[in-house]
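If you scroll down you'll find the structure; I have some questions about it.
Note that these values count all heavy atoms, side chains included, but never hydrogens, waters or copies made by symmetry. Lettering follows sequence order; numbering is per chain, from 1. Worth saying up front: this structure is predicted, and the values here are computed from it rather than measured.
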Protein chains: 2
Amino acid sequence: MVPANQHDGPVHRGGSVHRGIFGAAASDPKSSGGGKRRSPLSRGAVLRAALELVDADGLEALSMRRLGHRLDRDPMALYRYAANRDALLDGLTELLLDQWAIPGAADGDVPEAWQDQLRQAAHRFRSLVLQHPHIVPLLVTRPLSTPLGLRPPGALRPLEQLLAVLTRAGFGPSGALHAYRAYYGFLIGHLINELEEFVVNPDEDEAGLRLGLHRLPPEDFPHLRRLAAQLLDYDGETELDQGITIVLHGLQAQLDGPAQRSQ
Amino acid sequence: MVPANQHDGPVHRGGSVHRGIFGAAASDPKSSGGGKRRSPLSRGAVLRAALELVDADGLEALSMRRLGHRLDRDPMALYRYAANRDALLDGLTELLLDQWAIPGAADGDVPEAWQDQLRQAAHRFRSLVLQHPHIVPLLVTRPLSTPLGLRPPGALRPLEQLLAVLTRAGFGPSGALHAYRAYYGFLIGHLINELEEFVVNPDEDEAGLRLGLHRLPPEDFPHLRRLAAQLLDYDGETELDQGITIVLHGLQAQLDGPAQRSQ
DNA sequence: ACCGTAGACTCTACGGTGTAGAGTTATAAA
DNA sequence: TTTATAACTCTACACCGTAGAGTCTACGGT
């Protein structure tokens with residue numbers, strides 16, 4: 001349930017000094033009270049500052065120089081905590097994935113609850129992502145450049161836990177993998193969809209005008225133009241819930257169907 | 001079936017000189033045969049060159065300067081065909097979406113075929129994206145910054161056509177929208193998943209080693225480590241097909257269920 | 001033949017970026 | 001006191017997007 005994280009110090013060597021989850025420090029003056037030397041940074045502090053920067057102003061606003069400025073350190077100091085900017089971005093996705101709590105992942109639960117567990121996990125992931133919408137592109141892009149086994153454990157934990165839930169539900173190894181892919185694929189796809197729902201001009205009264213739909217030639221886009229009202233009262237939460245229901249039904253059918261077991 | 005595209009010339013004014021789909025020119029010497037002055041570029045030529053650059057070396061390799069060099073033009077010349085780099089990226093997503101052919105979008109088809117049509121469309125989208133994997137981040141990120149009505153028609157056409165298919169299938173306006181979202185959400189999610197499947201070291205014999213799974217502590221990742229073999233023989237096409245089947249069944253159920261019609 | 005105009009492009013420059021390499025300082029250990 | 005090391009800073013380089021002004025060519029009008 002709670003992130004169980006690893007090294008926090010400099011990046012080149014796992015210093016193994018456990019300072020807490022993603023590191024504390026960085027605000028209290030250390031032992032000697034000169035006031036001249038600040039307490040050293042930590043990977044956790046750097047990542048958290050980076051996330052704040054991204055949340056506030058988007059991904060492009062995250063530059064080494066700006067982050068250095070925000071932490072009151074020379075930009076080059078950051079390279080002690082992330083090998084380069086890409087590694088920093090990877091750290092952000094890890095920071096996020098590591099917060100994804102998947103219910104019922106511990107042993108000893110009733111196996112029938114797997115559908116509720118997956119449903120809950122989906123909603124948690126959604127609210128997590130909505131708190132940090134700017135990192136979605138990272139979620140989509142970054143892992144692509146890192147092969148499975150080399151990704152940080154924090155980023156793999158959700159996958160492992162989902163596989164555990166599915167296995168307890170009765171899926172075989174390959175079945176669990178297929179089920180995971182269908183589930184996570186739908187989940188991430190939904191979030192991309194949801195984040196793309198937008199309004200041009202909230203002050204405008206008429207639905208079509210708010211979306212800018214009046215610019216579209218009616219003869220080319222009859223269906224779209226007719227949907228102005230429906231496009232506006234989008235409810236991401238129930239939309240996700242209904243979609244997840246479809247997926248879960250499909251998975252249940254596979255469980256009940258033939259040739260399960262070793263498949 | 002075939003992209004029907006609009007202006008192609010300079011960006012500030014829709015020159016309305018129709019030179020063909022996304023523009024020709026850019027290789028044949030124009031009327032006067034001095035050999036001194038090259039024929040002018042075109043938006044289409046610029047976008048195509050940009051796509052080639054991205055396909056070859058990834059998104060980060062697409063800089064105005066590199067693109068200018070490739071087209072043998074000063075980088076600033078490109079600003080005649082795209083207002084800035086972001087607009088260039090938007091042009092790339094349009095270039096791609098515009099190629100997505102959705103079968104049966106023309107009127108007069110048998111309405112029962114909608115499931116096959118959506119299935120086919122999904123497979124076409126997949127092969128399109130696999131030809132240009134580097135643009136997936138754009139597909140995910142770019143529309144986010146452009147409200148629906150302001151997106152270029154080429155990027156909205158697939159949406160319109162999918163809505164047409166769903167409407168002919170019997171969905172009401174809101175139902176069609178929900179169905180579209182479930183369908184496209186799953187589709188894009190699957191592709192993200194599929195693109196993240198990777199091998200570390202193809203020369204390695206043993207499955208776990210090829211994925212780098214041996215680095216993971218066995219006590220923390222029992223399920224993942226057990227899946228080495230299954231992770232390796234991933235077949236994106238049938239995976240997509242099975243997932244789409246689930247979604248289509250779910251949608252069919254909604255069609256058969258109560259309260260369809262005006263909903 | 002001359003001029004004016006407009007399109008397509010180039011030149012220069014500014015402020016920003018990631019990061020290599022070497023240098024600095026403060027603390028802890030010997 | 002000396003030495004080692006961790007944490008950090010300084011300087012510099014090559015690249016980036018793009019604003020602003022200038023150039024060069026083709027063409028239409030007179």
Residue among E239(B), E194(B), E196(B) satisfying salt bridge (Lys or Arg N to Asp or Glu O under 4.0 Å) with R181(A):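 Testing R181(A) for a salt bridge (Lys or Arg N to Asp or Glu O under 4.0 Å) against E239(B), E194(B), E196(B) leaves exactly one candidate, E239(B).
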S63(B) side chain, from C-beta outward: closest of dC11(C), dC16(D), dT19(C):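 Nucleotide nearest to S63(B)'s side chain: dC16(D).
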Residue R66(A), side-chain heavy atoms: nucleotide from dT10(C), dT17(C), dC8(D) that is nearest: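 Comparing dT10(C), dT17(C), dC8(D) against the side chain of R66(A), the answer is dT17(C).
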Any donor-acceptor N/O pair under 3.5 Å between dG16(C) base and R65(A) side chain: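 Result: no qualifying N/O pair found.
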D86(A) CG - dT19(C) C1' separation (whole Å):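 It is 12 Å, rounded to the nearest whole Å.
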Closest nucleotide among dT18(D), dT19(C), dA8(C) to the R85(A) side chain: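 Of the candidates, dT19(C) comes closest.
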Stems involving DNA chain D, each a run of at least 3 consecutive Watson-Crick or G-U pairs under 3.5 Å: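 Correct response: C:1-30 with D:1-30.
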Donor-acceptor pair under 3.5 Å, R80(B) side chain vs dG7(C) base: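 For R80(B), whose side chain was compared with the base of dG7(C), there is no donor-acceptor pair (under 3.5 Å).
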Closest heavy-atom pair and its distance - R215(A), L150(B):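 So the minimum-distance heavy-atom pair works out to NE-CD2, 3.0 Å.
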Nearest-nucleotide pick for Y79(A), side chain only, options being dT9(D), dT19(C), dG17(D):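 The closest nucleotide is dT19(C).
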Parallel, tilted or perpendicular: ring planes of F125(A) versus W100(A), cut at 30 and 60 degrees: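 Plane angle between 30° and 60°, so tilted.
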Closest non-hydrogen atom pair, A121(B) against Y183(B):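 Looks like CB-OH, 3.5 Å.
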Donor-acceptor under 3.5 Å (T141(B) side chain, L138(B) main chain):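 Side chain of T141(B) to backbone of L138(B): no pair is present.
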Rounded distance (Å) that lies between atom P of dG7(C) and atom OH of Y81(B):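 Atom-to-atom, Y81(B) to dG7(C), this comes out as 12 Å.
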Rounded distance in Å - CG (N84(A)) to C1' (dT17(C)):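 Rounding to the nearest Å, CG of N84(A) and C1' of dT17(C) are 14 Å apart.
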Please tabulate, for side-chain N and O atoms in residues 85-93 of chain B, each donor-acceptor pair with protein atoms closer than 3.5 Å (sequence neighbours left out).
residue : atom : partner : partner atom : Å
R85(B)  : NE   : L62(B)  : O            : 3.0
R85(B)  : NH2  : L62(B)  : O            : 2.9
D90(B)  : OD1  : R142(B) : NH1          : 3.4
T93(B)  : OG1  : D90(B)  : O            : 3.0

Atom pair distance, as rounded to whole Å: CG in L78(B) and P in dA19(D):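 Going from CG in L78(B) over to P in dA19(D) covers 14 Å.
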P137(A) side chain reached by L59(A) side chain, heavy atoms, under 4.5 Å: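 L59(A) reaches P137(A) side chain to side chain.
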Atom-to-atom span, CG of L62(A) to C1' of dG16(C) - whole angstrom: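 Going from CG in L62(A) over to C1' in dG16(C) covers 15 Å.
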Length of the line joining R43(A):CZ and dA7(D):P, which is rounded to integer Å: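 Computing the R43(A):CZ to dA7(D):P distance gives 15 Å.
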Of E60(A) and D74(B), the one whose closest DNA chain C nucleotide lies more 5':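 Its nearest nucleotide lies further toward 5', so the answer is D74(B).
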Among dC10(D), dG17(D), dC11(C), the one nearest M76(B) by side-chain distance: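 Nearest to the side-chain atoms of M76(B), counting from C-beta on, is dC11(C).
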Whole-Å gap separating P (dT17(C)) and NE2 (H69(A)):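 About 11 Å, once rounded to whole Å.
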Out of dT19(C), dC8(D), dA8(C), whichever nucleotide has its closest atom nearest the side chain of M64(A):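 Of the options given, the side chain of M64(A) lies nearest dT19(C).
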